[in-house]
Amino acid sequence: MLLPGTGFRGMRRAGALLLLACLPALPAVAQETPDTTAADGLEVLLEDLDDLAADPAQLAEGLADLRDHPLDVNAAAAEDLAQIPALGPSLARAIVRFRTAGGPFGAVADLRAVEGVTDDVLLAARPYLRVGAEGEQARRPGGLLRGLQVELIQRAGRRLDVGRGYDDDTTRTTYAGSPDRLYTRLRTRARRLSFNLTLEKDPGERLAWDPARRTYGFDYVSAHLALRGAGRIEALIVGDYVADFGQGVVLWRSSAFGKGREPVRTAARAGRGLLPYGSTDENTFLRGVAATVLVAPRLAVSAFASRRTLDAGVLEPDTTTGAAFEDLGEATALARSGLHRTPSELGKKDALREDLVGGALEYRSEGARLGVVGYHSRFDRPFRPGEAPYQRFRFAGRRATMAGIYAGVFAGAAHLFGEAARAPGGATGGVGGVVLRLGRSAEAVVLARSYPRDFVSLHGYAFGERSGAPQNETGYYAGLQIHPHPRWHLAAYFDQYRFPWVRFAVPRPSTGYDALLLVEHRPRHWLTVYLQARTETREAGASWTDARGRRLDAVRPETRQSLRLHGDYRFSPRLRLRARIEGVRFAVPGAPDRFGMVLYQDAHWLPAAALRLALRLTLFDADGFDARVFTYEDDLRYTFSVPAFSGRGQRVYVLARWHPSGRFTLEAKAALTRFEDVRSVGSGLDEVAGNRLREVRAQLRWRF
């Protein structure tokens with residue numbers, strides 16, 4: 001435990017001891033082959049997310065589902081293989097071409113013969129791939145319900161230490177419901193047909209049957225029925241779905257990976273078109289009917305229609321503001337939290353209706369994918385975003401029409417990609433780049449983006465520094481990965497960006513840059529060590545007082561730097577240790593630097609064939625929120641956890657997974673975070689008296 005007053009000196013000593021514990025002398029048992037199914041796919045991609053990043057729930061759930069249902073390397077299309085982050089569009093295409101020319105793969109390990117598939121790539125991609133049984137493809141014809149599987153997931157969790165929002169005091173604002181988080185999902189999947197029902201209640205929301213507020217027991221309900229791969233019908237979906245086309249400039253309703261330890265393959269998108277939706281993000285999906293039909297061997301047509309309600313703030317009568325009567329009922333902004341706990345949040349629930357129709361036309365060949373996509377959207381209330389300068393170029397009105405063209409071309413070792421679009425107000429913007437395979441040992445990407453200040457994309461999610469819809473940003477990005485030796489891996493990126501118009505709390509156009517360098521060494525198949533350095537400098541809002549005492553708005557550079565040392569030691573398929581120490585420096589001109597540090601030691605242990613345990617002890621010491629440090633944690637299946645640590649304290653968690661058969665899995669996680677030198681934790685309705693936070697979660701998954 002970190003004692004009060006220990007500070008950074010003690011943490012450095014403890015960190016050294018933890019790392020040494022992770023790298024002991026080699027025991028005889030370490031000669032066993034490691035369990036590659038425990039590859040760190042999610043951790044590599046999610047651990048560097050910050051508080052500005054989009055909700056990665058769909059990403060975590062999608063990869064977990066893909067691990068449960070691996071792709072057959074002898075049958076999967078390049079677009080499906082590209083969803084594995086370790087492959088991306090370029091390697092996925094190379095695998096399909098190799099398969100077409102040389103015949104089916106005999107084993108997943110045979111992918112090593114494909115140019116660009118290194119040992120590291122194979123290790124990261126292997127949990128999501130399989131080789132189908134001999135003759136499996138020939139047996140595929142059959143009924144829609146062939147291979148039917150039914151899966152039921154029930155999850156429950158809560159904090160044991162809760163804030164005053166759960167008090168019984170009715171004289172003050174409190175939460176409407178209990179602190180429990182409840183989740184139920186029923187999913188059936190056959191060869192071509194699938195059905196999904198997802199129910200969720202967030203902490204503070206109530207369980208109630210209130211059709212007037214569109215609450216049917218659980219606060220959130222999602223469902224769909226989908227048909228895929230039936231003759232010329234590639235997809236037919238009734239209910240909730242997402243639409244991902246091109247590079248996401250016009251239409252991308254899923255989450256997507258951005259910058260991080262995988263700097264090349266995640267930069268280029270591979271839109272999969274129309275997909276059924278069953279996750280818990282309450283803002284990103286469409287609801288209605290959607291279909292993709294193959295009208296010719298290389299030509300696909302998609303059409304979709306959606307009607308759904310959105311959470312939004314609405315201008316209400318207020319005699320103190322003098323709002324004109326004709327302005328009342330206008331929507332001022334969308335509410336994206338998905339939380340409905342207080343009277344204010346409940347008042348925004350389903351306050352805005354959107355009707356949307358759209359379509360796409362896509363040409364596909366072995367070396368290219370070309371398409372056009374567009375939609376028209378209508379709201380039942382007009383938008384009036386506000387009078388502040390940063391709101392000047394936000395969407396206003398009741399109707400929006402957007403269209404764009406996109407392309408992906410494979411020419412030898414190069415993959416060229418891009419998308420250009422016209423926004424509702426007439427502004428044009430887009431993104432484009434090239435991925436190059438430089439022999440068997442290196443890959444590089446160069447990408448440019450331009451989203452003008454008046455470029456409004458209501459349903460886009462393209463590559464950029466800021467999460468969400470692309471707007472008010474230009475930039476250039478370059479990424480590089482090198483494998484100079486089978487035991488060494490180098491990765492780096494540099495991103496230079498500019499915001500050409502003011503932003504919230506930033507009173508004038510601003511610039512910034514972000515850079516990362518990663519050096520990874522794997523001296524043995526059971527031992528991995530990497531060092532990662534990252535620095536980002538961006539201009540943020542500031543205020544100054546001149547000689548006359550006048551307050552002046554300005555910008556100033558803020559620099560955030562981090563250095564991480566990580567060790568991963570696999571004793572055997574049954575025992576694995578990991579340790580990390582990471583330091584953060586936050587600096588602004590004219591103020592003392594702020595520092596943060598986190599170190600942890602965790603263990604993954606399989607005491608029995610049906611039981612897995614994960615344990616972690618984390619120590620943290622950070623000078624406030626600006627110097628916070630993020631760490632990825634193991635969590636229940638289909639969920640994720642990336643807590644941000646600030647202040648001083650410790651955190652410990654235990655995760656147990658019992659899997660007695662292929663049909664039944666029971667998981668539970670308990671965590672305790674303890675802070676030093678504080679009397680309360682959190683703020684507002686979530687402020688908890690004392691210095692600790694305890695939480696428990698459990699999940700039952702049953703397949704039949």
With a 4.0 Å cut-off, would you call Arg189 and Asp65 a salt bridge?
-> yes
Cation-aromatic face contact Arg261/Tyr530, 6.0 Å, 45 degrees | yes
Answer yes or no: is there an ion pair linking Lys669 with Asp635, defined by an N-O contact shorter than 4.0 Å?
-> yes
Return yes if some donor-acceptor pair links the side-chain N/O of Asp311 with the main-chain N/O of Asp350 below 3.5 Å, else return no.
-> yes
Is the shortest distance from a Lys or Arg side-chain nitrogen in Glu61 or Arg185 to a carboxylate oxygen in the other one below 4.0 Å?
-> yes
Is it true that Asp514 and Lys259 make a salt bridge, defined as a side-chain N closer than 4.0 Å to a carboxylate O?
-> yes
Output yes when Glu667 and Arg657 qualify as a salt bridge under the 4.0 Å nitrogen-oxygen rule, no when they do not.
-> yes
Cation-aromatic face contact Arg560/Phe586, 6.0 Å, 45 degrees = no
Nearest 0.5 Å please: distance from the CG atom of Leu87 over to the CG atom of Leu122.
-> 9.5 Å
Is a side-chain donor-acceptor pair under 3.5 Å present for Asp180 with Ser178?
-> yes
Look at the side chain of Tyr183 and the backbone N and O of Asp202, then say whether any donor-acceptor pair between them is shorter than 3.5 Å.
-> no
Answer yes when Glu151 and Arg701 have at least one side-chain N-carboxylate O distance shorter than 4.0 Å, and no when they do not.
-> yes
Lys201/Asp219 ion pair, N-O < 4.0 Å | no
Salt bridge between Arg594 and Asp623, side-chain N to carboxylate O under 4.0 Å?
-> no
